[in-house]
Amino acid sequence: MATDRRASWLKGVLDLLVLASLTEGENYGYEIAKMLAGSGLGQIRGGTLYPVLNRLEEAGLVSAEFRVTERGPGRRYYRLTEQGRQTLAEQGRLWLAFDESVRTVLASGGLASGGLASEGLASGGLASEGLASGGLK
């Protein structure tokens with residue numbers, strides 16, 4: 001399979017990743033995107049991130065507050081709500097179970113045993129791309 005599917009995978013889990021990024025406290029969109037990129041997930045553009053943040057706010061999973069700054073434009077800060085924490089815990093457990101199932105199937109296909117290591121798809125290759133479960137924290 002020559003097609004790079006990471007964008008599709010990210011789309012399926014981005015809501016969860018945004019919620020997880022807010023567990024340490026409030027933040028604004030650009031910093032959330034930087035944190036996700038720094039985790040190895042690649043650049044998340046505003047046209048992708050802000051609709052997610054708006055959807056999470058409408059669902060009551062995050063709250064937002066606009067703040068004027070002394071320099072530059074104002075920023076909209078996002079904070080995880082109690083409902084967002086509960087959703088993160090529930091959906092996070094489901095994602096980790098899904099991840100474990102995927103790893104089991106891939107391992108049965110020879111992935112973990114190094115059968116695909118030359119293609120950079122062994123678990124170390126996924127980790128270096130930020131797609132292993134540790135990269136999604």
Side-chain angles (χ1 to χ4, degrees):
M1 175 173 16
T3 304
D4 187 347
R5 303 292 248 218
R6 290 179 287 188
S8 296
W9 300 338
L10 182 60
K11 191 177 200 178
V13 74
L14 188 56
D15 290 22
L16 187 60
L17 297 175
V18 170
L19 292 175
S21 75
L22 294 170
T23 58
E24 297 295 318
E26 66 184 12
N27 219 334
Y28 58 97
Y30 178 72
E31 287 297 321
I32 293 169
K34 276 181 31 181
M35 188 282 295
L36 294 173
S39 296
L41 295 167
Q43 180 183 12
I44 310 294
R45 298 186 189 278
T48 299
L49 180 61
Y50 289 103
V52 168
L53 287 165
N54 289 334
R55 186 170 56 250
L56 294 173
E57 183 180 7
E58 288 174 5
L61 304 179
V62 300
S63 60
E65 176 185 344
F66 183 80
R67 295 186 196 153
V68 178
T69 59
E70 290 182 25
R71 292 185 182 178
R75 293 183 175 139
R76 193 164 171 84
Y77 282 82
Y78 298 89
R79 180 180 315 110
L80 198 57
T81 64
E82 185 55 38
Q83 183 182 355
R85 287 185 190 287
Q86 291 171 0
T87 298
L88 174 60
E90 176 188 313
Q91 295 299 311
R93 280 190 299 274
L94 292 171
W95 174 263
L96 292 174
F98 176 75
D99 174 70
E100 186 176 331
S101 298
V102 169
R103 288 172 180 268
T104 298
V105 172
L106 291 176
S108 72
L111 183 65
S113 64
L116 298 175
S118 64
E119 296 177 38
L121 297 174
S123 60
L126 290 174
S128 67
E129 294 295 325
L131 297 171
S133 63
L136 294 177
K137 290 183 182 175

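Sequence positions, counted from 1, serve as the residue numbers for this chain.
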Give the minimum heavy-atom separation between [X] and [Y], together with the two atoms involved.
X	Y	result
P51	G46	CD-O, 3.6 Å
A33	I44	CB-O, 3.7 Å
Y78	Y28	CD1-CA, 4.4 Å
L16	G92	CD1-N, 3.8 Å

How far does [atom1] of [X] sit from [atom2] of [Y], to the nearest 0.5 angstrom?
X	Y	atom1	atom2	result
L56	S63	CG	OG	11.5 Å
R85	L61	CZ	CG	12.0 Å
L94	Q91	CG	CD	5.0 Å
L22	L53	CG	CG	7.5 Å

Is there a path of hydrophobic side-chain contacts, each under 4.5 Å between heavy atoms of I, L, V, M, F, W or Y residues, that connects [X] with [Y]?
X	Y	answer
L49	L41	yes
V102	V13	yes
Y30	V62	no

Q.
Would R76 and F66 count as a cation-pi pair here, with the cationic atom under 6.0 angstrom from the ring centre and within 45° of the axis?
A.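 R76 over F66 ring: no.
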
More than 12 heavy atoms from other groups under 6.0 Å of CD on E24: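 Counting other residues, nucleotides and ligands, CD of E24 stays at 12 neighbours or fewer.
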
Next item on the list: Take atom CD of E100 as the centre, draw a 6.0 Å sphere, and report whether it contains more than 12 heavy atoms from other residues, nucleotides or ligands.
Entry: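 For E100, atom CD is not crowded (no more than 12 foreign heavy atoms under 6.0 Å).
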
Using atom types as modelled and distance alone, determine if a side-chain donor or acceptor of [X] lies under 3.5 Å from a backbone N or O of [Y].
X	Y	result
S39	M35	yes
T69	R71	yes
N54	Y50	yes
T81	G60	yes
T87	G84	no

Side chains of [X] and [Y]: closer than 4.5 Å at any heavy-atom pair?
X	Y	answer
E26	R67	yes
L17	V52	no
L14	L36	yes
L80	L19	yes

Self-check item: Mutual orientation of the aromatic rings belonging to W95 and F98 [parallel < 30°, tilted 30-60°, perpendicular > 60°]
Solution: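 If you compare the ring of W95 with that of F98, the planes turn out tilted.
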
Candidate pair E57 and R79, rule salt bridge (charged side-chain N to carboxylate O under 4.0 Å, His left out), full reasoning:
CA-CA 9 Å; E57 183 180 7; R79 180 180 315 110; over 6 Å; no

Please determine whether a side-chain nitrogen of the Lys or Arg among E31 and K34 lies less than 4.0 Å from a carboxylate oxygen of the Asp or Glu.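 Yes, E31 and K34 are salt-bridged.
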
